[in-house]
2 protein chains.
Amino acid sequence: MGRRADHTPEQLRALVLDAARKIVAAEGERALTTRRIAQDIGYTSGTLYNVFKDRDDLILALNGATLDELFAAVSGTARGADVEKRLRALARAYIGFVRAQPQLWSLIFEHSRATPEPDWYPPKVARVFGVMEETLAPLYGEAARRDCAQAARMLWASLHGMCVLESKGALAMPATTLVDGLIRHFIAGHEVLAGGGRRKA
Amino acid sequence: MGRRADHTPEQLRALVLDAARKIVAAEGERALTTRRIAQDIGYTSGTLYNVFKDRDDLILALNGATLDELFAAVSGTARGADVEKRLRALARAYIGFVRAQPQLWSLIFEHSRATPEPDWYPPKVARVFGVMEETLAPLYGEAARRDCAQAARMLWASLHGMCVLESKGALAMPATTLVDGLIRHFIAGHEVLAGGGRRKA
DNA sequence: GCGGGTACTGAACAGCGCTCAATTGCTTGC
DNA sequence: GCAAGCAATTGAGCGCTGTTCAGTACCCGC
């Protein structure tokens with residue numbers, strides 16, 4: 001064969017990522033080989049290298065897409081109700097995503113890159129992350145932005161840990177139960193620390 | 001070559017695991033190949049299969065050894081002082097281990113096995129985990145064992161999440177800072193929930 | 001309709017996990 | 001002290017991987 005031009009480079013990228021997504025979702029990272037992707041979309045593996053630097057680059061792009069999905073799943077939860085309820089809704093949305101797509105989600109964290117991540121990647125993480133900060137904002141005054149950011153990171157990391165351990169089957173109870181406890185303790189503790197005493201939260 | 005018997009099977013296992021440990025600690029999972037291990041200990045890769053079922057089995061054994069080290073690092077922290085201080089000490093020991101051996105620690109969670117884990121593995125995890133439950137026990141009566149187990153899992157998972165994200169560089173602040181906040185909120189919240197109201201912790 | 005440029009292929013390379021026939025040295029029975 | 005047998009180890013080799021690249025066959029502008 002020679003030149004085909006059935007697809008523009010953008011279409012081809014999308015095609016590859018879509019195939020990769022399906023493979024990982026169904027069979028996990030180990031099944032994600034260049035030959036397999038190529039076969040699924042009717043090309044050969046060499047063609048992938050016109051459109052991705054290497055396998056790591058492809059996985060990074062896939063992870064970017066997964067982060068976008070995750071953001072979509074989580075960003076609608078911060079409306080109405082009180083902070084505790086919103087936190088619970090946010091946590092449930094996150095856990096729900098992880099349960100629906102454990103393999104894709106795992107790929108984000110399990111894959112250890114050889115190369116440093118490119119500039120476009122950290123903002124995608126930060127955007128998902130920012131939802132927690134927004135949800136938490138009503139608890140903190142304008143002056144306590146720093147405390148809010150810290151609390152958001154704390155809760156997010158905790159939620160993350162529960163999802164990791166649940167998806168490994170190491171929890172022996174649902175992540176939702178644990179995260180409810182976490183939120184309850186956090187809210188109760190916050191009222192004591194911020195309201196009563198003079199210690200910063 | 002033929003029969004050598006320079007080492008007993010047990011010695012050989014230890015030799016392999018030691019070499020594997022060094023390779024992972026220094027260069028990460030990607031560098032852990034059977035040929036590389038064999039070369040480092042003066043055998044050929046085929047010999048490893050006398051002593052381990054396959055690469056997954058070898059990694060599982062290495063992870064078991066890492067869990068033993070982790071337990072040793074963490075088990076001495078629950079003595080004296082009040083619960084909050086002990087929690088902090090425990091968390092710092094855990095974080096310290098992760099910072100000292102990020103690659104070995106990551107291997108425990110990043111490696112996705114094809115086969116289910118053998119019987120001897122879960123107790124090693126549970127033992128590390130149990131330290132948190134012991135540390136937390138004074139906060140809960142004999143009757144509230146369940147609450148204690150749940151709180152322990154919650155805190156452990158949270159601590160875990162912070163370590164994961166710190167070792168990925170996704171935290172933008174030290175895990176120790178976050179975990180201190182977590183413990184402070186937990187203790188304050190616990191006093192409210194258990195002491196004041198009638199809600200279970 | 002023809003030339004130039006390029007998207008694509010397919011063969012090839014090095015290395016991977018893993019297997020197994022062949023080998024070679026130890027060990028045991030005599 | 002020697003032979004026979006046993007088993008630990010090798011090394012070649014299989015099928016796979018990611019990655020590269022010369023060559024080709026096609027599309028497009030002229």
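Throughout, protein chains are lettered first and strands after them, A, B, ... in sequence-line order, and every chain is numbered starting at 1.
Contact check of residues 47-62 of chain B against DNA chain D (heavy atom, cut-off under 4.0 Å) returns B:Thr47, B:Asn50. In the region residues 26-39 of chain A, proximity to DNA chain D at under 4.0 angstrom, judged on heavy atoms, holds for A:Leu32, A:Thr33, A:Thr34, A:Arg35.
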Donor-acceptor contacts under 3.5 Å from residues 41-51 of chain A side chains, at least two apart:
from: A:Tyr43; atom 1: OH; to: A:Arg4; atom 2: NH2; distance (Å): 3.4
from: A:Tyr43; atom 1: OH; to: A:His7; atom 2: ND1; distance (Å): 2.8

What side-chain donor-acceptor pairs closer than 3.5 Å can you find for residues 121-129 of chain A, not counting sequence neighbours?
from: A:Lys124; atom 1: NZ; to: A:Asp68; atom 2: OD1; distance (Å): 3.1
from: A:Lys124; atom 1: NZ; to: A:Asp68; atom 2: OD2; distance (Å): 2.9
from: A:Arg127; atom 1: NH2; to: A:Asp68; atom 2: OD1; distance (Å): 2.9

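Nearest approach of A:Thr135 to A:Val83, heavy atoms of both residues: O-CG1, 3.9 Å.
Per the geometry, CD1 belonging to B:Ile41 stands 14 Å off C1' belonging to D:dT10, to the nearest Å. Rounded to whole Å, the distance from CG on B:Leu12 to C1' on D:dA7 is 14 Å. The CG-P distance, from B:Asp6 to D:dT10, rounds to 9 Å in whole Å. Look at CZ on B:Arg13: it is 15 Å from P on D:dT9, rounded to the nearest Å.
Bending across the helix from C:dG1-D:dC30 to C:dC30-D:dG1, expressed as the angle between its end axes from five pairs apiece, amounts to 10° (10° rounding).
Taking the side-chain hydrogen bond (donor to acceptor under 3.5 Å, both in side chains) definition, one finds that B:Glu117 meets it with B:Arg113, sequence neighbours left out.
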Stepwise side-chain contact (heavy atoms from CB on, under 4.5 Å) test for A:Thr66 and A:Phe97:
CA-CA 10 Å; A:Thr66 305; A:Phe97 184 87; 4.0 Å; yes
Going through the checks in order, is the salt bridge (charged side-chain N to carboxylate O under 4.0 Å, His left out) test met by B:Asp82 and B:Arg88?
CA-CA 10 Å; B:Asp82 60 297; B:Arg88 260 204 289 274; over 6 Å; no
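Tested against B:Ile23 for a side-chain contact (heavy atoms from CB on, under 4.5 Å), the candidates B:Leu32, B:Asp18, B:Leu62 yield a single pass: B:Leu32.
A salt bridge does not link B:Glu110 to B:Arg30: none of the charged side-chain nitrogens sits closer than 4.0 Å to a carboxylate oxygen.
Of the possible polar contacts, none joining the B:Arg92 side chain to the B:Thr176 backbone as a donor-acceptor pair under 3.5 Å is found. The main-chain N or O of B:Phe186 is never found under 3.5 Å from a side-chain atom of B:His190 such that the two would form a donor-acceptor pair.
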